[in-house]
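The analysis underlying the following values was restricted to heavy atoms, covering all of them including side chains, and did not include hydrogens, waters or symmetry mates. All residue numbers in this chain count up from 1 along the given sequence.
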Amino acid sequence: MLRAAATGVLATILESGATLLPTGCGACAGLGHGVLGPGERCVSSTNRNYPGRMGHVLAEVFLASPMTVAASAIAGTITDPRALL
C-alpha cells in the first residue's frame with residue numbers, strides 16, 4: 001500500500017469511488033463496512049458465493065479470478081483481463 005500511495009495509484013483508486021477497508025473478512029463475510037445492499041452487484045475473488053454472503057440477500061455477487069476483478073474495476077464492467085495485458 002505504501003508504494004501505491006507513493007506512486008499516486010492509491011489516490012486514483014480512492015478518487016474513483018473505492019472504499020479502502022482494513023485487511024480481513026469483514027466485507028466478504030457480510031460484516032461491517034463495504035457490504036452490498038439490495039440490488040447492488042460486485043465481482044469478487046472470494047472463494048464462496050451464496051445469498052447474503054457479502055451483505056443483503058438480494059445483492060448479486062459474481063466470482064472471478066483476481067486478474068478479472070482488477071480488470072473489471074478498471075473497466076467498470078466485468079471484463080476479460082487479457083484485453084488489458
Side-chain angles (χ1 to χ4, degrees):
M1 184 167 73
L2 293 177
R3 187 162 75 173
T7 60
V9 171
L10 183 58
T12 300
I13 292 169
L14 293 173
E15 288 167 5
S16 75
T19 302
L20 188 61
L21 300 174
T23 302
C25 293
C28 64
L31 307 169
H33 299 288
V35 297
L36 300 173
E40 291 185 316
R41 295 181 182 106
C42 84
V43 59
S44 173
S45 61
T46 61
N47 61 355
R48 293 182 189 95
N49 188 14
Y50 52 84
R53 167 80 173 145
M54 294 180 71
H56 199 277
V57 296
L58 296 179
E60 294 181 283
V61 179
F62 299 89
L63 300 185
S65 71
M67 286 186 70
T68 299
V69 172
S72 300
I74 292 167
T77 187
I78 297 176
T79 301
D80 183 336
R82 292 173 292 186
L84 300 174
L85 296 176

Shortest non-hydrogen contact between V43 and A64, atoms and distance: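 Smallest heavy-atom distance, with atoms named: CG2-CB, 3.7 Å.
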
For the student: nearest non-hydrogen atoms of A59 and G37, plus distance: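 Heavy atoms only, the tightest pair is CB-O, 3.5 Å.
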
Using side chain to side chain contact (heavy atoms under 4.5 Å, CB included) as the criterion, list what pairs up with [X], not counting sequence neighbours.
X: T12; value: none
X: R3; value: T7
X: P66; value: S45

Any donor-acceptor pair under 3.5 Å from S72 side chain to T79 backbone: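 Yes, S72 side chain to T79 backbone: donor-acceptor pair under 3.5 Å.
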
Count I, L, V, M, F, W, Y as connected when their side-chain heavy atoms are under 4.5 Å apart, and connections chain through other members. Are [X] and [Y] then in the same cluster?
X: V69; Y: I78; result: yes
X: M54; Y: L63; result: yes
X: L36; Y: V57; result: no

L85 atom CG, over 12 foreign heavy atoms within 6.0 Å: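 Counting neighbours around CG of L85, more than 12 heavy atoms of other residues, nucleotides or ligands fall under 6.0 Å, so yes.
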
Rounded distance (nearest 0.5 Å) linking atom OG of S44 with atom CZ of F62: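 Answer for the OG-CZ pair, S44 versus F62, is 12.0 Å.
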
